[in-house]
Amino acid sequence: MKKIMLVFGTRPEAIKMCPLVNELKSRDCFQTIVCVTGQHRQMLDQVLKTFGVVPDYDLSVMKEKQTLFDITSSILMRIRAVLEEVRPEIVLVHGDTSTTFVTALACFYLQIPVGHVEAGLRTYDILNPYPEEFNRQAVGIISKYNFAPTKLAANNLIKEGKQRDTIFITGNTVIDAMRHTVEKNYSHPEIEWVSDKKLIFITAHRRENLGAPMHGMFRAIRRVLDEHPECKAVYPIHMNPIVRQAADEEFANCGQIHIIEPIEVFDCHNFEARCYLCLTDSGGIQEECPSYGRPVLVMRETTERPEGVEAGTLRLVGTSEDSIYRNFKELLENQEEYDKMAFACNPYGDGNACKRIADVLEYGNCIQWQQI
Ligand code: UD1
Ligand code: UDP
């Protein structure tokens with residue numbers, strides 16, 4: 001039996017890795033071991049519960065207002081013992097978080113092969129997103145298997161000199177996770193609150209946006225809501241206390257927005273599918289919303305997910321108050337502009353990414369699922 005360890009620690013990694021855990025566990029040829037770093041706590045546990053995944057190891061590193069130094073040093077010191085005890089034949093990490101980077105680094109120190117799920121996303125601006133662009137490039141140097149979600153991501157790796165036979169285009173595992181979430185007759189108290197108004201779905205958390213940019217983002221949204229009583233906004237807020245404080249300050253006494261606790265991924269997908277439009281700085285939501293044909297204003301300076309922008313469903317609006325205000329207002333007031341963005345597309349695969357990754361791990365490098 002091949003010993004495979006999956007390591008993840010934040011909400012989006014869990015959403016995209018749990019379906020893979022379950023696929024690997026369904027195959028007798030693997031001994032599947034799950035180690036969570038606990039970089040997130042409540043938001044991670046919520047996802048583990050949803051997918052019925054029980055970790056074999058939990059490093060429990062999270063502390064409130066943790067810095068990059070805290071996360072990096074805690075994970076590095078704690079994961080060593082787990083890797084030395086288990087000695088997996090391969091370790092799978094996901095995407096671009098600190099958990100991902102530090103785990104790959106520890107594997108490199110112990111010379112354990114790394115498989116990178118969601119490999120090859122790039123902005124080539126090392127400070128945007130911060131520190132994720134560095135994290136994913138660094139993991140790309142170390143990884144032996146590169147599971148790229150799209151051809152574009154695979155081409156980035158090839159341009160960087162990665163060997164073609166280490167790259168597999170699989171689609172994104174988030175599409176696997178989305179297969180059974182959206183329900184026709186879905187209901188939720190917040191959806192009932194919105195009733196026949198336009199649902200504006202909001203999320204925001206990026207580290208590089210904390211402080212002045214995030215205040216500006218929230219002020220822009222507030223100004224548009226004040227001018228548009230036909231809208232009601234729902235914002236499941238990140239657990240980060242710095243984000244919460246900014247939202248409390250900027251949305252104080254605004255009756256048109258409900259700021260709620262993080263919702264389960266099942267609810268999140270149903271909210272996305274029902275919203276009129278979405279404002280976000282999230283990575284994962286940029287992948288999900290295009291499937292539902294819901295316009296997304298991406299409140300970031302760069303995106304590593306240009307597929308949705310090219311398709312027309314995503315618009316990169318930056319982080320300035322003025323730009324977010326103008327773009328949000330335009331989509332509410334100009335039907336033609338709205339209609340141009342409101343159509344479904346799905347550049348991220350067919351929902352079989354986990355099966356493809358598991359096949360590569362089971363049958364070896366000889367399988368090229370899609371030649372580049
Ligand atoms: C992390 C990732 C980011 C990813 C995001 C997904 C890094 C450097 N950043 O950023 O790439 O997009 O997760 O959400 O890896 N907190 C809780 N409970 C939780 C989770 C967070 O209380 O379950 C609070 C803590 O006070 C913590 C803060 O949120 O200090 C920020 O969490 P952290 O993991 O450091 O950064 P994120 O912004 O979540
Ligand atoms: N999500 C969720 N509940 C929420 C907000 C988001 O389940 O309250 C899901 C969302 O559907 C997506 C993922 O979390 O799959 C995105 O996570 P996040 O924005 O925290 O991180 P990023 O994708 O930016 O790394």
Side-chain angles (χ1 to χ4, degrees), residues 8-19 36-51 60-72 74-75 93-103 118 121 128-136 139 172-178 181-182 188 190 201-210 214 234-245 258-273 275 278-289 291-292 294 296 298-300 303-305 348:
F8 50 92
T10 65
R11 169 173 65 193
E13 294 166 83
I15 290 170
K16 292 166 168 178
M17 288 293 255
C18 283
V36 296
T37 62
Q39 178 180 334
H40 283 175
R41 190 69 279 163
Q42 302 89 328
M43 285 163 51
L44 171 71
D45 294 344
Q46 200 177 28
V47 181
L48 293 172
K49 194 163 157 247
T50 299
F51 286 92
S60 295
V61 302
M62 195 201 93
K63 55 184 191 186
E64 187 154 301
K65 295 192 183 174
Q66 57 201 357
T67 64
L68 296 176
F69 291 90
D70 296 324
I71 312 172
T72 303
S74 310
I75 296 175
V93 294
H94 179 277
D96 55 20
T97 69
S98 291
T99 286
T100 313
F101 161 63
V102 180
T103 301
E118 201 181 85
L121 276 63
N128 270 301
Y130 170 85
E132 290 82 2
E133 181 65 16
F134 164 79
N135 288 343
R136 54 191 170 222
V139 177
N172 197 306
T173 58
V174 79
I175 306 296
D176 302 29
M178 281 167 65
T181 47
V182 175
H188 187 283
E190 293 301 331
F201 190 61
I202 300 167
T203 80
H205 71 83
R206 297 235 79 81
R207 206 170 270 267
E208 69 273 15
N209 291 341
L210 298 178
M214 195 163 279
V234 178
Y235 176 7
I237 197 163
H238 195 283
M239 299 290 303
N240 190 335
I242 304 169
V243 175
R244 289 178 174 229
Q245 197 184 337
H258 273 185
I259 298 176
I260 60 174
E261 290 303 315
I263 49 181
E264 278 189 28
V265 62
F266 163 78
D267 293 307
C268 197
H269 291 173
N270 278 284
F271 275 58
E272 289 167 18
C275 73
C278 174
L279 292 123
T280 190
D281 66 4
S282 163
I285 291 176
Q286 292 179 59
E287 292 155 348
E288 293 163 354
C289 274
S291 296
Y292 311 122
R294 302 302 180 209
V296 182
V298 182
M299 300 184 291
R300 295 173 49 174
T303 183
E304 58 293 275
R305 292 162 170 96
Y348 297 107

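All residue numbers in this chain count up from 1 along the given sequence. As the structure is a prediction and not an experimental result, all values here were calculated from the model. Whatever order the structure lists them in is the order used to number ligands and atoms, beginning at 1.
- Across all non-hydrogen atoms, the minimal contact from E304 to P129 is OE1-CG, 3.4 Å.
- If you check the side chains of E13 and T97, you find a donor sitting under 3.5 Å from an acceptor.
- Of the candidates V243, L210, N240, N240 brings a heavy atom nearest to atom 31 (C) of ligand 1.
- By the side chain to side chain contact (heavy atoms under 4.5 Å, CB included) test, H258 pairs with E190, W193, I260, sequence neighbours left out.
- Not one N or O on the side chain of H269 forms a donor-acceptor pair closer than 3.5 Å with the backbone of M178.
- Each of the atoms 8 (C) of ligand 1 lies under 4.0 Å from some heavy atom of L68.
- A donor-acceptor pair under 3.5 Å is formed between the side chain of D281 and the backbone N or O of H205.
- Side-chain contact annotation: N172 with E118, donor-acceptor N/O pair under 3.5 Å present.
- When only non-hydrogen protein atoms are considered, atom 39 (O) of ligand 1 lies nearest to H40 NE2, 2.7 Å.
- Annotation: Q66 places an N or O atom under 3.5 Å from an N or O atom of ligand 1; distance criterion only.
- Not one N or O of T99 is nearer than 3.5 Å to an N or O of ligand 1, by distance alone.
- One finds no salt bridge joining K49 and D45 here, because no Lys/Arg side-chain nitrogen approaches an Asp/Glu carboxylate oxygen to under 4.0 Å.
- For G283, the heavy-atom gap to ligand 1 stays at 4.0 angstrom or more.
- At a heavy-atom cutoff of 4.0 Å, ligand 2 is surrounded by R11, P12, I15, H205, R206, P236, P262, I263, E264, V265, C268, H269, E272, S282, G283, G284, I285, E288.
- The closest heavy-atom contact to atom 9 (N) of ligand 1, among the options R136, R244, R11, E132, comes from E132.
- When only non-hydrogen protein atoms are considered, atom 4 (C) of ligand 1 lies nearest to H205 CE1, 3.7 Å.
- Polar contact with ligand 1: absent for N135 (N/O pair, distance under 3.5 Å).
- Protein heavy atom closest to atom 7 (C) of ligand 1, with residue, atom name and distance, is Q39 NE2, 3.4 Å.
- A donor-acceptor contact shorter than 3.5 Å links the side chain of N270 to the backbone of F266.
- Taking the side chain to side chain contact (heavy atoms under 4.5 Å, CB included) definition, one finds that T303 meets it with Q286, R305, V309, L316, sequence neighbours left out.
- Of the polar atoms of M43, at least one N or O is found under 3.5 Å from an N or O of ligand 1, judged by distance alone.
- Among the atoms of Q42, some N or O lies under 3.5 angstrom from an N or O of ligand 1.
- At a cut-off of 3.5 Å, with distance as the only test, no side-chain donor of T203 or S282 sits close to an acceptor on the other residue.
- Looking at T100 against ligand 1, nothing comes within 4.0 Å, counting heavy atoms.
- Where the criterion is an N or O separation shorter than 3.5 Å, residue side chain and backbone included, T97 fails it with respect to ligand 1.
- For the ligand labelled ligand 1, residue D45 lies outside the 4.0 Å heavy-atom shell.
- The main-chain N or O of M239 is never found under 3.5 Å from a side-chain atom of Q42 such that the two would form a donor-acceptor pair.
- The ring-ring contact (aromatic ring centres under 6.0 Å, His included) test applied to Y130 returns no partner, not counting sequence neighbours.
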